[in-house]
Amino acid sequence: MKPLILCRTGHEDMALRLAPLLDAEHGDVETRRFPDGETYVRIASPVKGRRIVLVTSLDRPDDKLLPLLFLAAGARDLGAADVGLVAPYLPYMRQDKRFREGEAVTSTCFAQIISRWVDWLVTVDPHLHRRSSLSEIYTIPATSLHATPLISTWIKTHVSAPVLVGPDSESSQWVAAVARDAGAPYIVLEKTRRGDRDVSIHVPDLDSWVDHTPVLVDDIISSGRTMVETVRGLIAIGMKRPVCIGVHGVFAGNAYRELVESGPQEVITCNTVPHPSNGIDLSDLIAGGVRRTMNAVQQGH
Ligand code: R5P
């Protein structure tokens with residue numbers, strides 16, 4: 001029996017790409033809101049005995065989580081062999097410690113909820129800053145894939161004389177890896193974040209790089225302030241207009257428009273969150289990760 005891919009209406013982009021790559025069927029799911037705001041979920045394809053692959057982007061997760069859990073619970077209840085989750089963007093990874101007294105460490109709680117309802121997880125470049133692996137918080141087999149080789153290939157084929165720029169120390173892991181694969185130099189700047197949208201970037205003298213095209217690389221573009229302030233800082237010291245690359249283009253509120261208006265040549269993201277800036281397709285990478293994870297789960301690893 002072929003695996004069955006399930007996703008909610010409006011979230012089909014990655015699911016439709018993965019179905020042929022995984023030799024899987026695309027199932028029918030019906031979801032809607034009752035008048036009182038509660039969620040109705042119905043899986044209209046046969047589930048019994050089948051391996052289920054739930055596919056969803058989990059940006060803006062709060063509204064997506066409950067329908068996802070109902071879908072997973074429903075599939076289990078209907079006799080699925082196992083239920084996996086492909087969440088190319090994994091949210092709630094940044095509140096990974098109690099920064100201020102009394103805060104909830106939401107990354108741990110979110111991981112516990114997901115681990116309770118699905119049997120395995122595949123994601124791309126989760127924000128592992130203070131943690132080294134998803135297994136520190138997820139109790140199910142969890143595969144982290146890396147977009148860096150595909151970002152490097154994009155840079156090699158689209159940008160001449162790049163100098164990669166990481167806006168802060170947290171981005172240094174991406175920048176170093178992308179730079180190595182792209183055969184390009186890189187620099188890491190210093191960021192000070194005073195609030196959700198209050199960010200400043202210290203851009204040092206970069207005279208020796210004025211003939212290069214700065215390529216900003218970061219894992220997440222959320223409020224966009226990190227990228228906006230970096231673009232402005234680079235342009236202010238006379239650098240060429242940068243290219244901005246984010247793995248996950250979450251773009252909260254007006255972030256995309258504000259970033260475009262700050263003056264970069266181009267804004268490119270991977271298709272972990274559906275967005276017009278998606279220029280790097282990760283479906284082959286994700287399909288490979290799903291195949292390996294499903295095989296490992298089947299073999300009991
Ligand atoms: C920070 O640790 C991350 O690597 C990103 O730099 C950050 O999440 C970007 O957030 P924003 O777009 O809100 O500045």
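Keep in mind that the numbers below use all heavy atoms, side chains included, and drop hydrogens, waters and symmetry copies. Indexing begins at 1, ligand by ligand and atom by atom, following the structure's order.
When S169, G224, S223 are checked for heavy-atom proximity to atom 13 (O) of ligand 1, S223 turns out nearest. Nearest residue to atom 10 (O) of ligand 1 from R225, M227, R193 is R193 (criterion: closest heavy atom). Of the candidates T230, D168, T226, L259, the one placing a heavy atom closest to atom 14 (O) of ligand 1 is T226.
Looking at heavy atoms from C-beta onward, L216 lies out of side-chain contact with V243 at the 4.5 angstrom threshold.
A distance of 11.5 Å separates SG of C109 from CD of Q95, quoted to the nearest 0.5 Å.
Among protein heavy atoms, atom 4 (O) of ligand 1 sits closest to D219 OD1, 2.7 Å. For atom 9 (C) of ligand 1, the nearest protein heavy atom (residue, atom name, distance) is I220 O, 3.3 Å. Taking atom 5 (C) of ligand 1 as the reference point, the nearest protein heavy-atom neighbour is D218 OD2, 3.2 Å. Closest protein heavy atom to atom 2 (O) of ligand 1: E170 OE1, 2.3 Å. Among protein heavy atoms, atom 8 (O) of ligand 1 sits closest to R94 NH1, 2.7 Å.
A salt bridge is absent between D198 and R193; no separation between the charged side-chain nitrogens and carboxylate oxygens falls under 4.0 Å. The existence of a salt bridge linking R17 and D281 is confirmed by a sub-4.0 Å separation between a basic side-chain nitrogen and an acidic carboxylate oxygen.
The shortest N or O to N or O distance between D196 and ligand 1 is not below 3.5 Å.
Counted within 6.0 Å of CG on D196, heavy atoms from surrounding residues, nucleotides or ligands total 12 or fewer; the atom is thus considered open.
Taking the six-membered ring where tryptophan is involved, the planes of Y256 and F251 are perpendicular, since the angle between them exceeds 60° and thus also 30°. The aromatic rings of H158 and W154 lie parallel to each other, with less than 30° between the two planes, well short of the 60° mark.
Residue-level proximity to ligand 1 for H127 is carried by the side chain, the only part with a heavy atom below 4.0 angstrom. At a heavy-atom cutoff of 4.0 Å, ligand 1 is contacted by the side chain of K191 but not by its backbone.
With a 6.0 Å cutoff to the six-membered ring centre and a 45° limit on the axis angle, R42 does not count as a cation-pi contact of Y40.
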